[in-house]
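What follows is a single structure, written as structure tokens, with notes after it.
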Amino acid sequence: LRLECSVGAVIRVAGDLDFSELLVGTTHEETFTVTTDRRNLATARFVAPHYLPGLRVIAISADAGECHVDADAGGICDFTDLAANCNVTVNVTWKAEQPAETYDVAVGVSTSGDIAANNDAVRGSVTTHGLTDLELRVGAPVAGFRNATLALPEISVVNGNETAYGTRL
């Protein structure tokens, strides 16, 4: 009989990166749960990176540990002496800074000796959009007699430099 035991640490992160399309200047907050397995962990780290130039972490906080925003790396929370089977809530706020492309975004958690790295990240997608101007243009006015056939003026919607979303006429 051969019995194998796993003696490594296990930590995981859960949550949802459910970003809708963000306009420049708006913020979006997400909540994640960092969970330890049946062993105490001496140290662990949660990271929510910037995705520049379009998306920047502007705030990060957690129930435990020390959190800060690094100008280069993004949001970081360092945890020490995490008890077995504990849950720590982490809140991250991103700000859309520039219109850009669609980003594949992720947050992650790590610890020394983690034996199950497949549950250490949450992934999603986000597109940042710039603000734009819309202009409604109507051609020359029309005049005529009652019951006459009229040619109505052309009506057009002119968009600014960025794509307009949810526009209705």
Side-chain angles (χ1 to χ4, degrees), residues 8-37 39-136 157-168:
V10 175
I11 192 167
R12 63 185 163 274
V13 64
D16 190 17
L17 281 171
D18 183 21
F19 280 60
S20 55
E21 295 174 345
L22 294 177
L23 291 175
V24 169
T26 62
T27 61
H28 183 81
E29 182 176 336
E30 291 287 346
T31 300
F32 304 94
T33 303
V34 174
T35 305
T36 62
D37 203 6
R39 301 193 192 299
N40 294 345
L41 296 179
T43 62
R45 175 173 270 196
F46 177 92
V47 177
H50 302 302
Y51 290 91
L52 300 175
L55 199 60
R56 179 180 299 277
V57 175
I58 60 168
I60 187 167
S61 63
D63 296 2
E66 297 291 326
C67 299
H68 68 282
V69 176
D70 181 86
D72 297 321
I76 299 169
C77 289
D78 288 314
F79 307 106
T80 56
D81 300 322
L82 286 174
N85 300 310
C86 80
N87 293 317
V88 177
T89 300
V90 179
N91 294 303
V92 181
T93 304
W94 284 270
K95 181 177 183 182
E97 293 194 336
Q98 289 185 12
E101 302 173 13
T102 298
Y103 292 104
D104 292 323
V105 297
V107 298
V109 66
S110 61
T111 190
S112 177
D114 189 1
I115 60 170
N118 61 332
N119 57 10
D120 290 352
V122 174
R123 291 176 172 70
S125 182
V126 64
T127 304
T128 58
H129 299 284
L131 299 174
T132 192
D133 294 320
L134 290 177
E135 181 180 345
L136 182 63
V157 177
V158 179
N159 191 31
N161 293 332
E162 299 293 329
T163 302
Y165 290 92
T167 305
R168 294 183 182 167

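Side chains are part of it too, since the values below use all heavy atoms of this structure and drop only hydrogens, waters and symmetry mates.
- Thr36 contributes a side-chain N or O that, together with a main-chain N or O of Ala83, makes up a donor-acceptor pair within less than 3.5 Å.
- Note: Thr111 OG1 to Arg45 CZ = 11.5 Å, rounded to the nearest 0.5 Å.
- For Tyr103 (side chain) and Gly54 (main-chain N/O), a donor-acceptor pair under 3.5 Å exists by modelled atom type.
- Using cut-offs of 30° and 60° for the angle between ring planes, the Phe32 and Phe46 rings count as tilted.
- Each disulfide bond (SG atoms under 2.5 Å apart) pair with one or both residues in residues 98-129, not counting sequence neighbours, would appear here, but there are none.
- Side-chain atoms of Thr128 come within 3.5 Å of backbone N or O of Gln98 as a donor-acceptor pair.
- Legend: residues meeting side chain to side chain contact (heavy atoms under 4.5 Å, CB included) with Ala73, ordered by chain and number and at least two apart, are Asp70, Ile76.
- Closest heavy-atom contact between Val88 and Ala64: CG1-N, 3.9 Å.
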Sequence neighbours excluded and cut-off under 3.5 Å, please list the side-chain donor-acceptor pairs for residues 22-29, or say none.
| unit_1 | atom_1 | unit_2 | atom_2 | d |
| --- | --- | --- | --- | --- |
| Thr26 | OG1 | Leu23 | N | 3.4 |
| Thr26 | OG1 | Leu23 | O | 2.6 |
| His28 | NE2 | Glu30 | OE2 | 2.6 |

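- With values rounded to the nearest 0.5 angstrom, Ile58 atom CD1 is found 5.5 Å from Thr93 atom OG1.
- Shown here are the side chain to side chain contact (heavy atoms under 4.5 Å, CB included) partners of Ser125, two or more places apart in sequence or in another chain: Thr102, Asp104.
- Nearest heavy-atom pair, Leu41 versus Val10, reported as atom, atom and distance to 0.1 Å: CD1-O, 4.3 Å.
- Under the rule for a side chain to side chain contact (heavy atoms under 4.5 Å, CB included), the partners of Ser61 that lie at least two apart in sequence or sit in another chain are Asn91.
- Listed here is the closest heavy atom pair of Val57 and Pro49: CG2-O, 3.7 Å.
- Looking only at side-chain heavy atoms (C-beta outward), Glu66 and Thr80 stay at 4.5 Å or farther from each other.
- In this view, Ala106 and Tyr51, Arg123 satisfy the side chain to side chain contact (heavy atoms under 4.5 Å, CB included) rule, not counting sequence neighbours.
- Shown here for Leu17 and Val107, the closest heavy-atom pair between the two residues is CD1-N, 4.2 Å.
- Note: Ile11 CD1 to Asp120 CG = 7.5 Å, rounded to the nearest 0.5 Å.
- Among all heavy-atom pairs drawn from Ala44 and Leu82, the shortest one is CB-CD1, 4.0 Å.
- The two residues Thr89 and Thr31 come nearest to each other via the heavy atoms CG2-CG2, 3.4 Å.
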